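In what follows, every heavy atom counts, from backbone to side chain, and hydrogens, waters and symmetry copies are set aside. Please read all numbers here as calculations on a predicted model, not as lab measurements. Start at 1 and go down the list; that is how both ligands and their atoms are numbered.
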Amino acid sequence: DKGNYRHFMAKEIHEQPEVIAHTIAHYADLAERRVDIPNLAVDLASLERVTLCGCGTAFYAGLVAKYWFEQYARLPVEIDVASEFRYREAPLPENGLAIFISQSGETADTLAGLRYCREQRQHIASIVNVQHSSIARESDVVLPTLAGPEIGVASTKAFTCQLAVLACLAIAAGKARGHIDDALEHELVGALVELPRLISRVLREEQGFADIAHQLSHAQDMLYLGRGVNYPLALEGALKLKEISYIHAEGFAAGELKHGAIALIDENVPVVVIAPPGRTHEKTMSNMQEVAARGGKIVLLTGESGGAPDCEVMADCRLPDVHEFVSPILYALPVQLLAYHTAVWRGTDVDQPRNLAKSVTVE
Ligand code: M6R
């Protein structure tokens with residue numbers, strides 16, 4: 001039931017404050033601001049490596065988590081799309097944890113990757129939204145996302161809930177390995193706890209994103225730029241736009257653009273720049289200027305405290321300031337809203353885009 005919404009995707013975007021809060025509450029003690037991962041029968045302290053695996057949007061959630069595990073838990077991470085990983089014959093360490101990320105729990109390649117890791121004697125964890133699924137059944141530990149049923153083919157609330165679970169897991173790993181003390185744990189869990197309220201604030205600005213999307217809906221090609229923990233959001237933004245609006249889009253690491261793709265930029269190419277305030281903000285802003293200088297039409301996504309752009313921009317979107325750690329979860333919202341409204345303006349079948357299925361059970 002779509003309720004008062006025109007599409008399941010819109011409903012699912014709007015459910016995020018609630019389902020993220022619900023998911024975080026499952027993996028953290030909110031009053032104490034501590035993480036607590038139920039049933040995780042894995043010794044995070046002695047792990048050699050984490051292997052992350054998934055497809056599409058679930059893979060991008062893993063890509064964000066790679067930054068988190070490395071930075072906060074000093075834990076080496078291997079990550080690949082399942083369709084490559086399963087055939088690579090990757091050597092895996094004795095004491096490794098493999099995490100499979102899947103909304104449906106039925107994606108054939110992800111399941112095959114899981115079986116490979118089982119043969120390689122890894123601990124198997126899965127982050128799934130459908131708890132009675134093949135991937136869940138074959139895992140040693142199931143870490144559910146509590147997003148509720150996701151009907152729209154474009155993954156939205158499952159993605160942000162996957163990120164919420166992975167964030168809690170990264171904090172738990174950092175703690176177990178002695179890289180996160182009590183104060184930092186409080187700070188990071190506090191940042192997670194704040195998210196639902198901040199996401200609601202972004203949702204109240206929906207009309208602004210719909211107006212920008214009207215301009216984007218005439219584009220033939222678009223680029224998304226991000227850095228660090230928000231680089232995967234650029235990939236996710238491009239995927240979301242492609243799958244529902246059928247506009248060609250690519251995501252790039254902002255610093256990589258000048259190594260080739262900048263040649264694509266002209267006045268017909270909108271470029272979404274994901275640049276929350278924080279460590280990589282200045283560098284991303286200077287990449288944005290390089291794009292603007294070549295005529296690219298900039299849609300800047302940054303925070304209230306991010307400095308004013310010193311180049312011409314088509315749109316300057318200000319999100320609430322947020323802890324850098326959880327910025328990919330907050331910045332998923334404008335990325336989803338831009339894709340959704342662009343598709344609505346173009347009149348495509350948002351919930352059932354052509355050539356796609358909700359769950360990809362063929363290899
Ligand atoms: O069910 P899964 O999470 O395993 O699905 C993986 C991908 O097929 C999925 O995320 C796909 O990329 C979405 N349609 C993206 O919105």
Q: Give the residue and atom name of whichever protein heavy atom lies nearest to atom 16 (O) of ligand 1, and the separation in Å to one decimal.
A: E243 OE2, 2.3 Å
**Q.** For A154, atoms of ligand 1 separated by under 4.0 Å from a heavy atom
**A.** 16 (O)
Q. Which ligand 1 atoms are under 4.0 Å away from a heavy-atom of G56?
A. 12 (O)
Q: Would you check the N or O atoms of I101, main chain and side chain alike, for any that come under 3.5 Å of an N or O of ligand 1?
A: no
Q: Could you please spell out the steps behind the side chain to side chain contact (heavy atoms under 4.5 Å, CB included) verdict for R34 and D182?
A: CA-CA 8 Å; R34 295 193 185 293; D182 286 352; 3.7 Å; yes
**Q.** Mode of T107 contact toward ligand 1 - side chain, backbone, both, neither (heavy atoms, under 4.0 Å)
**A.** side chain
Q: State the atoms of ligand 1, each with its element, that fall below the 4.0 Å cut-off from a heavy-atom position in A58.
A: 3 (O), 10 (O)
Q.
For the residue pair R354 and Y246, would you count it as a cation-pi contact if the rule is NZ or CZ under 6.0 angstrom from the ring centre and within 45 degrees of the ring axis?
A. yes
Q: Decide whether an N or O pair under 3.5 Å exists between K240 and ligand 1.
A: yes
Q: Give a yes or no on whether the ring-centroid distance for Y5 and H14 is below 6.0 angstrom.
A: yes
Q) Which one of E243, Q103, E236 satisfies the side chain to side chain donor-acceptor pair (under 3.5 Å) criterion with T57? A) E236
Q.
Using a 3.5 Å distance criterion without hydrogens, assess whether the side chain of E267 forms a donor-acceptor pair with backbone atoms of K297.
A. no
Q. Can you tell which of Q162, Q16, E15 makes a side chain to side chain donor-acceptor pair (under 3.5 Å) with K157?
A. E15
